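Note on naming: letters A, B, ... go to the chains in the order of the sequence lines (proteins, then strands), and numbering restarts at 1 for each one. Bear in mind the structure is a predicted one, so any value in this text is a computation, not a measurement.
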Number of protein chains: 2
Amino acid sequence: MARTTGSDGGRTEAAVREAAVNLIARYGYEAMSMRQLAAEVGVQAAALYRYFPTKEDLLFTLMRDHMQGLREAWEHSRPAGADPARQLAAYVRNHIAFHIERRHATHVSNMELRSLSPDRLTQILRMRTAYEKELRAVLRDGVEAGIFNIEDTGLTAMALIQMMTGVIVWFRPGERLSLAEVTATYLSMTMRLVGANIGVGTGEERHVHEHAQLRA
Amino acid sequence: MARTTGSDGGRTEAAVREAAVNLIARYGYEAMSMRQLAAEVGVQAAALYRYFPTKEDLLFTLMRDHMQGLREAWEHSRPAGADPARQLAAYVRNHIAFHIERRHATHVSNMELRSLSPDRLTQILRMRTAYEKELRAVLRDGVEAGIFNIEDTGLTAMALIQMMTGVIVWFRPGERLSLAEVTATYLSMTMRLVGANIGVGTGEERHVHEHAQLRA
DNA sequence: AGAATAATAAAACAAACGTTCAATTAATTC
DNA sequence: GAATTAATTGAACGTTTGTTTTATTATTCT
């Protein structure tokens with residue numbers, strides 16, 4: 001047999017991407033075979049090579065698109081011209097929302113870096129560094145404006161990102177806490193971490209506090 | 001050929017463990033072949049099976065020993081009977097020191113969980129959960145004693161652990177900051193995060209502040 | 001309707017995989 | 001010094017891997 005009725009390149013490629021993200025997140029890039037992926041899509045392994053020349057190309061494409069999506073999400077959600085506290089709050093909200101919406105893709109982008117060739121690894125890391133740089137800039141602005149009290153901007157940025165990204169490890173929708181509650185708590189922890197004056201800028205603090213009271 | 005002169009089971013096994021940790025951390029468990037590991041040790045692949053019946057047994061052994069080491073390190077360094085702030089400081093110091101001393105083993109234990117069989121995965125996760133529980137207990141004690149101000153103990157514990165473990169991702173000895181400086185800064189961030197009264201308990205705050213001044 | 005193109009299947013490739021087995025030599029025990 | 005045990009080699013096993021090639025069918029274009 002050959003071309004099947006109703007087959008469509010666009011749909012197949014999208015199906016391959018989605019299945020690949022799920023399989024790689026679950027079993028790992030090396031552990032996922034092209035045949036396994038093809039079977040998940042409902043196609044023969046050879047068909048995959050019409051869309052991605054090699055297995056590594058597939059991985060790289062997934063990662064690149066994920067990082068580009070993250071940068072675009074931040075650019076769309078950042079409140080231009082707002083004070084640093086609001087900017088930081090927007091960064092935290094965007095980061096958590098984006099990563100929870102795409103848990104599997106995030107897992108892939110964070111865990112499978114070592115399967116990339118050196119130059120592709122560099123490309124992805126560059127995108128990640130650029131994104132982290134945005135956070136450092138916000139923190140610096142806040143320090144210069146006297147709103148934040150931070151010992152080491154670089155360290156604080158890394159700590160914040162690790163803390164926020166860590167949410168995807170344990171958060172499961174529909175369990176004890178809602179996404180809104182988790183986000184609120186992380187916002188409050190973030191503001192403590194950067195030494196922001198409580199009640200300044202985010203418009204979230206009272207709200208957070210009420211939730212805290214309910215859970216106490 | 002067969003047994004080589006000067007060969008020793010104990011030494012070989014130790015060499016296998018060490019090489020395996022390094023190779024798995026660098027290339028991933030699935031990507032590391034038994035032949036590659038054997039070559040690193042300077043032995044034929046078949047020789048590995050004298051010490052570990054399967055590749056997965058090797059992985060599991062590495063992880064189990066790492067988690068046991070972590071628990072033992074905490075038990076030895078915990079200041080029994082001290083106030084919660086000192087306990088928390090000890091937890092942070094031990095966690096960071098242990099994980100930086102064994103960056104590769106930590107990487108393996110955190111990244112290769114999905115390569116374990118279900119029951120072995122459960123065993124490792126149980127050990128990890130028990131360790132995290134210790135932190136939650138310290139936080140709870142601090143809240144009850146009125147020393148800490150925490151919205152959600154569980155969330156704060158996870159945030160702290162992610163934040164601390166994240167150090168191994170970017171920290172490299174001999175770069176901008178020393179381990180002591182990093183630890184001091186993380187201690188201070190931890191105390192902010194749990195809402196500890198500044199200057200209480202840890203005996204580190206003034207020291208931290210001096211470093212901050214130097215870097216500013 | 002016929003020609004061109006897009007999408008797939010089926011089969012095959014060499015290479016690499018984890019693992020096993022029998023043979024062989026070094027060290028230890030008696 | 002002979003017998004036993006410990007440590008390792010070298011070769012082989014059957015699978016599975018990513019990928020390529022060729023053929024075949026569905027769709028689109030003229």
Side-chain angles (χ1 to χ4, degrees), chain A residues 1-24 26-63 108 112 114-118 120-121, chain B residues 1-24 26-63 108 112 114-117 120:
Chain A
M1 331 264 158
R3 178 166 191 172
T4 56
T5 67
S7 64
D8 174 83
R11 274 211 313 274
T12 302
E13 181 177 344
V16 169
R17 285 169 177 259
E18 188 190 331
V21 167
N22 292 334
L23 287 178
I24 297 174
R26 178 138 49 210
Y27 303 110
Y29 169 76
E30 294 280 355
M32 177 199 74
S33 77
M34 295 299 266
R35 286 172 180 82
Q36 186 187 4
L37 172 58
E40 190 81 5
V41 178
V43 104
Q44 289 298 316
L48 303 174
Y49 288 83
R50 171 157 266 269
Y51 306 100
F52 303 97
T54 68
K55 192 186 179 188
E56 197 209 314
D57 276 279
L58 168 56
L59 176 64
F60 176 69
T61 303
L62 297 176
M63 287 185 171
V108 172
E112 305 295 350
R114 59 186 161 204
S115 295
L116 292 176
S117 68
R120 285 177 160 169
L121 173 62
Chain B
M1 334 261 157
R3 177 165 192 170
T4 56
T5 66
S7 63
D8 175 83
R11 273 211 315 273
T12 302
E13 181 177 345
V16 170
R17 285 169 177 257
E18 189 190 331
V21 166
N22 292 334
L23 288 177
I24 296 175
R26 178 138 50 209
Y27 302 110
Y29 168 76
E30 295 280 354
M32 177 200 75
S33 76
M34 295 299 268
R35 284 173 180 83
Q36 187 186 2
L37 172 59
E40 191 82 6
V41 178
V43 103
Q44 289 297 314
L48 303 174
Y49 290 84
R50 169 159 266 269
Y51 306 99
F52 302 98
T54 69
K55 192 185 178 188
E56 198 211 311
D57 276 280
L58 168 57
L59 176 64
F60 175 69
T61 302
L62 297 176
M63 288 185 169
V108 172
E112 305 295 349
R114 59 187 161 204
S115 295
L116 291 176
S117 68
R120 284 176 161 170

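Atom CZ in A:Arg50 sits roughly 12 Å away from atom C1' in D:dT27 (whole-Å rounding). At whole-Å resolution of the value, CG in B:Asp57 and C1' in C:dT19 are 13 Å apart. Atom CG in B:Leu48 sits about 14 Å away from atom P in D:dG10, given to the nearest Å. Straight-line distance from the CD atom of A:Gln36 to the C1' atom of D:dT15: 15 Å, rounded to whole Å. Between the CE atom of A:Met32 and the C1' atom of D:dT19 there is a distance of 14 Å, rounded to whole Å. In this structure, B:Lys55 atom NZ and C:dC17 atom C1' are separated by 8 Å, rounded to whole Å. Atom CG of A:Leu59 is separated from atom C1' of D:dG18 by 14 Å (rounded to the nearest Å). For the pair B:Leu37 CG and C:dG18 P, the computed distance is 10 Å after rounding to whole Å.
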Taking N or O atoms only and anything under 3.5 Å, show me the protein contacts with nucleotides 20-22 of chain C, one pair per line.
none

Could you list the protein-to-nucleotides 12-15 of chain C atom pairs, N/O on both sides, closer than 3.5 Å?
from: C:dA12; atom 1: N6; to: A:Arg35; atom 2: NH2; distance (Å): 3.4

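B:Gln44 has a side-chain polar atom (N or O) that falls below the 4.0 Å cut-off from OP1 or OP2 of D:dG10. Proximity of B:Thr12 to the phosphate of D:dT8: a side-chain N or O atom is located under 4.0 Å from OP1 or OP2. Put simply, A:Tyr51 has a side-chain N or O that comes within less than 4.0 Å of OP1 or OP2 on C:dT8. The phosphate of D:dT16 (OP1 or OP2) has no side-chain N or O of A:Ser33 nearer than 4.0 angstrom.
Taking A:Glu40 as the reference, nothing meets the salt bridge (Lys or Arg N to Asp or Glu O under 4.0 Å) condition, with sequence neighbours excluded. Scanning for side chain to side chain donor-acceptor pair (under 3.5 Å) contacts around B:Gln36 gives an empty result, with sequence neighbours left out. Here A:Glu112 pairs with B:Arg114 under the salt bridge (Lys or Arg N to Asp or Glu O under 4.0 Å) rule; sequence neighbours left out.
By the neighbour-count criterion of 12 heavy atoms within 6.0 Å, atom CD of B:Glu13 is densely surrounded, having more than that number from other residues, nucleotides or ligands.
Rounding to the nearest 0.5 Å places OG of B:Ser115 at 10.5 Å from CD of A:Glu30. A distance of 6.0 Å separates CZ in B:Arg17 from OG1 in B:Thr61, rounded to the nearest 0.5 Å.
In this structure, A:Phe52 reaches neither bases nor backbone, as no heavy-atom distance under 4.0 Å exists between it and the strands shown.
Between B:Ala20 and B:Leu37 the shortest heavy-atom distance is N-CD1, 3.5 Å.
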Could you list the donor-acceptor pairs under 3.5 angstrom formed between side-chain atoms of residues 44-57 of chain B and any protein atom two or more places apart in sequence or on another chain?
from: B:Thr54; atom 1: OG1; to: B:Glu56; atom 2: N; distance (Å): 3.4
from: B:Thr54; atom 1: OG1; to: B:Asp57; atom 2: N; distance (Å): 3.1
from: B:Thr54; atom 1: OG1; to: B:Asp57; atom 2: OD2; distance (Å): 2.6
from: B:Lys55; atom 1: NZ; to: B:Tyr29; atom 2: O; distance (Å): 2.9
from: B:Lys55; atom 1: NZ; to: B:Met32; atom 2: O; distance (Å): 2.7
from: B:Glu56; atom 1: OE2; to: B:Ser117; atom 2: N; distance (Å): 3.1
from: B:Glu56; atom 1: OE2; to: B:Ser117; atom 2: OG; distance (Å): 3.4
from: B:Glu56; atom 1: OE2; to: B:Arg120; atom 2: NH1; distance (Å): 3.3
from: B:Asp57; atom 1: OD1; to: B:Arg120; atom 2: NH2; distance (Å): 2.6

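Taking for each of B:Ala31 and A:Val43 the nucleotide of DNA chain C with the nearest heavy atom, the 5'-most of the two is the partner of A:Val43.
Shown are B:Val16, B:Asn22, B:Val21; of these, the side-chain contact (heavy atoms from CB on, under 4.5 Å) with B:Glu18 is made only by B:Asn22.
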